[in-house]
Every structure is written in structure tokens, then in C-alpha cells.
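Everything numeric here is computed off the predicted structure, so don't read it as measured data.
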Amino acid sequence: MKRKVLLLVVLGIFVLSGLPVFAVDTGNVVDIWHYWTAGREAQSINWLMESFRKKYPEISVEDRAIPGSTAELRQQLGVAFMGGNPPELFQVGIGYGLKSYADAGRLMPITDVWTEINGNKMFPEGIAKMIVFDNEAWAVPLNIHTINTVWYNVNIFKKYNLKEPKTWEEFKHVCRVLKEKDVEPIAAAGFWSVYALYPFLITTLGPKGYAALGQGEISFTGEKKVREAFELFKEMWVDNLMENWTGYSWAEAAQPLMKGKAAMYFCMGDWLAALLENEGMEPIKEFDFFLAPGTRNMIIGQVDALALTKGSDAPNLAKTFLEFCASTEGQRAFNRYKGSVAANLKTPSEFYGPIMSKIYHLLHKPETQFMPNLSFLMPPDFYTQFYTEIEKYAVNPTDETLDEVLNELERLRSEAFMEGKWVNWGW
Amino acid sequence: MKFGLGFRQEKSLATMLFLAVPLSLFAVFFFYPIGYTLYLSFHEWNGISPTMNPVGFKNYLNIAKSPHFRTALLNNGKWFIFYLLFPPGLGLLLALLINKGVKKGGIFETIFFLPNAITLIAVACIWRWLYTPGYGVFNEILRRVGLPGWTQNWLGNPQIATYSVMIAVLWAEVGVFFIIYFAGLRNIPQALIDAAKLDGASSFKIFKYITWPMLAPSTVIVVAFSVIGAIKIFDLIYALTRGGPAYFTSVLAVFMYEVSFNRFQMGQGAAVGVILFLLAAAVIGPYLIYSTRKVEAVRQ
């Protein structure tokens, strides 16, 4: 008898929990999904939320960290969208990633917020171009990670009397001296070859050509400068890589740099600085960076942003949160620990460490141009195959491989063109 | 007599009712996903859009054009050969050695099976640490024993990376094969072997004419495990190399994951899934029919 009663109670709870009257009311909670799961990244989102709670104690804000990266977050969001229960806000990359959600009808435009904060003036033009499209604004950028940074071991440079190279000729000289002294010139890791190619593409094609390539407007086989970029990439980067680089992860590849076995780490994002500091290296004194030759007046960057979902239970509260994120206060809170610089150009710099402070000042030079990571410009389907082909060439840099790679990329570019996948971002 | 039914009718109704639950579960969790994957493979869908576009066979044609797919298929072939030869071979060898030398094999069963109990991500972390080129354990040992020229870029050299992953898989999975064969050996009546010995049969002849045929039921399971393993291999490859460098260590399951979740081409990913399913069915189906008959023959 007792069992039957217990069973009935359990069944009753199940049934009642399905009724709307007993459902948890999420109308007053701003729910944020992201993949800043650990370390400084987790600290950044926590600090941002704490700062918001202090300013707006009447608004509840909760977050959910999804382990993994874009792919895993997208899977979870896909399920949530289908179930009709998405979060208010979620982490997203600008450009194509953002557009894919907007095109699917999953986003609510935030043009009113963008106008209110004067987003076109507040953020670099290059970022605004990838957030405002189809006459609407779709997200608020939180930060900029710089990826055209070449990190170097200061002691090695001092020991061999080397200076930060400004041109490719000077870079070549530095590599030659290092090889003569039995020091590996460049540390690198598998999967990351594509970032190393960007400065070479900008060198031969120019910033406009780089962006045009990202918009599918330049042929990989018809434009000689693309081939020249790959050849320069081989001469300057591939030929100077440390032994067995393909077997390292990005963090493992920092070890030779720290131990003084390799002198430089080429075009690894500024998150490397946090790792080197954690391992006990002193910024500026023991490790420092310069911008890759060919990109000395630009920051090639990637940006984290927050977008508002369509069907959100609390869109107005979420917009208040977005406005806070855009403010100097919010940007400061988020970037304090993140190891990135604020996307809002008016954010003061006094809270940055020496490396971020240097990047901040480079970003704020009047001649500096913000250029996006190609992953923001290109369709994800194309970009994934693009970086795999770059790695294929880096692993086996022969003329035959280059022909194969360029032909395959051109085939994929044409295919994407036929399917109308390329987007003109206005570069 | 209840509900006005006869004994037989009542019995068959009860049977149907009992079967209804597992059959419904099977239909919902097995047939529906297969059917839906097939349906999805003829559509274009990015995983977040509320609608899908029908595209006919376009996803299959795109896959056929991809060099990544061809490399992945070839690598699945290599894994097929590996899985048929090495885990069963080593599992059988270990089982024979332990069966011959030890009366109670429990401790060895535990030792050999232990790697199988470790989650594959942890296994991958261990092996990544062993294989790291600069300061990994294997290269360090080679340097210390005076063989620095033998050090390798275990996971980064496209020529050997797949074989390096195979060694990790062998370590992780041989325990299952060992246990199946060990159990099979323990089930062979000792009287048969003793009789053969009395007749002067050599160890090799005993193995060839008694042990091996009597292990047929175990071999059926082992080979089925091998084939399934070769087709569904994913975890360790993805955790160790992500299919790289470039896509030289990729297999169909890794390709399917990449297409679906990195390129957001759910339809194409589903098409790879259908191809994997058909491959598995084509290889395992005839084998199971043949081997079941063979086992019956041995039993009789």
C-alpha cells in the first residue's frame, strides 16, 4: 500500500511539474550561455556578472558554462532552440558565426541598444562591420584578442644581439642568426598554421586583398599574389620551424620558448602571455612580442560577443545587461582577467598588465587598423577546410602540394560561390 | 479466464504486452534515429535553423569529391586490418600464456582489463604525454639509452601518426579480447587435451585441432568486436590528433564529427553516418550469419 502511495506521489510530481502554473518562472532572469569554463576566462565572466549585480541588484543574472568550444555550445543551443527554451544571451563570434544565427531567425536584433550606446563610434570600425548587417545590429562585442603577435624570448634576443624585426628581410636575418647559434627560430603547434599565414596574405595582397579573399572575391589559382603569399609563408615560417612542431599542442609548444630552445612563437594569440606568466616568465623582461612584419599597423583580432536570442523570456533585462557589457565599466570588468583588450575604445587602460597595455596602445594608435580573423569572414564550412589545407602544405611544403592545395581551395571557393555562401562584409 | 480470452489467447496477449515495451524503446531509440539520419542526409541543415532544404543526393556527391573523405576511408581500411590482427592476436597470446602457466588467472584478468576501465579521454592524456616529441617519455627513454636518432614525432608525422594511435588503442583494448579468449580457454574440457597428449599430440597440434576450433564461439565475438571497433573508432583519434596533422589520421567517424559540428553541415554529416552504417552492415551482417552457422556446426 505504502509503495502504491509513493508511486502515486512521484507520478503526481512529474505530471504537475509539466503544468505551466508549476513551471519555473524565468521571466525575471537573464540566462547567459558561454564556454568560458575555467581559469582566467571563468574569472572574467564571473567578474562581469558580479559587477552587473552590484549595479543592478534587482535584476537576476545567471550563467551556464558549456564545456568545449563553439561547436559544443552550438549543439546545446540547437537543442534549446528546438525545445523553445533558449537562454537570453549567448557567447558568439562576430561575422559569419553571428550571421548564421541571425539568418536562421534565432536572434533578436539589438539595434536600439546599438544606437543608444553609439556602437559605430564606441567600437573599432572593423568590428562594427561584422556586427551590423541587414540594417540591424546583432551583438555586443566584449573584447579583442590579438593574433598577429610574434612572441619572443628576450634573453635569447639579448644574447645574440637581435632586434625586433620590422621587415621580412630583418626577420629572415634574425632566423639565420638563430640557426647559426643552434637555436630553433620558431616554436609552433599543429592546428595553428592558418594564423601564421595571415601576415603573408596581408603582405602580398594588402589589407583590402586579405579581406577580399575572406569574402570569396579572389581566386586561389588565378591571383598570383596568393601563391606568392604561400611561398613567402614557406620561406619565412615553415623553413624556420622547430623540429617536430606538428606533434605539439599550442601550450606544449610554449615549453621550448620558455626553456630557451626556441626563440619565437609566431602568430599565437595573446592568450599565450597568460600561459607564459603562469609559468613564471616575467613580461617584457623575459618575454615580449612584436607585431608580425607586414602587419605592423594593424591588429588582426578575434572578438567574443554576446547575442540576444529570439524568444527570450526577458529581452528588456537582457538588453540592460548588454548595455552594461558595452560600457567602460563592463568592458573593464570582463577584460581585467581575460588577457584581452576591451573592444570599447573609450575603456581606460590602467588595469592592464604590461603586455595588454602594450597591445592597448598599439590598438589606439591613429594609423592602426583592426583586421578580422579570416574565420569571421569566411563560411565555417569553407574555413574549416581552408585551415586543414594550410596545415597540409605546412607539413609538406613542396610545389606539388602547393598546387594541390590551391586547386582544392579554388574548387571549394567556386562551390561556395555557386551556393551563394560568400558574404560581402563591406571591406 | 480473464477478459473473455482463452488460455492461449491470454498467453499471446501477455507476450505481446511484455514485448511492447522493449520494442517501443527499440523503435524510438534505434529505428527512429536511423530513419531520421537517412532523411537528414538528403537535406541541407545547419543545426540551428528551424527549416531544412531538400537537396537530393548532393550531400553524398560532395562527400565523394572530398579528399578528406578518401583519406578517412583509407584509414578505416587500415584500422580494419589492425583490429582483425592485433588486439585479437595479442589477446589470444596473453590468454594462452596465462592459461598455461597460472591456475588462477583472476589477477591477470584484472591487470589486463584495467586499461579498458579507464575513460578514453584519460587514456588519450596518458598517451599524449608519452608521445610528446620534446620531453615525452618514449623519446626521453630513447635518448637515455643512447638512441637519439630513433626519437620520433609520434603523433605529428603523417607517416606514422596512425600507427602511434593504434599502439595506444592496443594497450587500451586488448584486455577485452584477452578476457573473452581466456574465458573460452577455461571452457575447453581438460579431458580432450589430456587424451590428445596421451596420443602423443604436440602442443601445436593440440592448439590447431582442439583449442582453436573449440574457441570458435569466442572468435565469433572477438571478430565482431574487431569489425565494429574498426568502423566506429573515434574517441582516441579525436583526443590524440583530432584527425591531424591536416587530416592524415582521420577516419570516417572523425570526418562525420568535423562535417557536422565544425562545418555545421548536418546533412552531409548524416550522409557520412549512413555510409558508415552501410559499411558496418555489409561487413558484419554476412559474417554473423556465416559464423553463427559455423559455431552451430562445431557444437554439433
Interface of chain A and chain B, donor-acceptor atom pairs under 3.5 Å:
from, atom 1, to, atom 2, distance (Å)
A:Glu72, OE2, B:Tyr257, OH, 3.1
A:Arg74, NH2, B:Asn46, O, 3.3
A:Arg106, NE, B:Ile48, O, 2.5
A:Arg106, NH2, B:Ile48, O, 3.0
A:Thr246, OG1, B:Asn153, ND2, 2.8
A:Thr246, OG1, B:Gly156, O, 2.7
A:Gly247, N, B:Asn153, OD1, 3.4
A:Gly247, O, B:Arg128, NH2, 3.1
A:Tyr248, OH, B:Gly134, N, 2.9
A:Glu252, OE1, B:Arg128, NH2, 3.3
A:Asp381, OD1, B:Arg263, NE, 2.7
A:Asp381, OD1, B:Arg263, NH2, 3.3
A:Asp381, OD2, B:Gln265, NE2, 3.3
A:Glu391, OE2, B:Ala246, N, 2.6
A:Lys392, NZ, B:Tyr247, OH, 3.3
A:Glu415, OE2, B:Lys65, NZ, 3.4
A:Glu419, OE2, B:Lys58, NZ, 3.1

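Chosen from B:Gly47, B:Gly243, B:Pro67, the residue pairing most often with chain A at heavy-atom distances under 4.5 Å is B:Pro67. Each of A:Gly78, A:Ala253, A:Pro380 has some count of heavy-atom pairs under 4.5 Å with chain B, and the biggest count is that of A:Pro380.
The salt bridge (Lys or Arg N to Asp or Glu O under 4.0 Å) analysis of residues 25-38 of chain B, with sequence neighbours excluded, yields no pairs.
Not counting sequence neighbours, the partners of B:Phe30 by the ring-ring contact (aromatic ring centres under 6.0 Å, His included) test are B:Phe26. By the side chain to side chain donor-acceptor pair (under 3.5 Å) test, A:Asn240 pairs with A:Lys179, sequence neighbours left out.
Minimum heavy-atom separation, B:Pro50 to A:Ala104: CD-O, 3.2 Å. Among all heavy-atom pairs drawn from A:Val395 and B:Pro245, the shortest one is CG2-CB, 3.9 Å.
For B:Phe261, the parts sitting under 4.5 Å from any heavy atom of chain A are the backbone and the side chain alike. Residue contact with chain B, scored on non-hydrogen atoms closer than 4.5 Å, is absent for A:Met242.
Within 6.0 Å of CZ in A:Phe191 there are more than 12 heavy atoms belonging to other residues, nucleotides or ligands.
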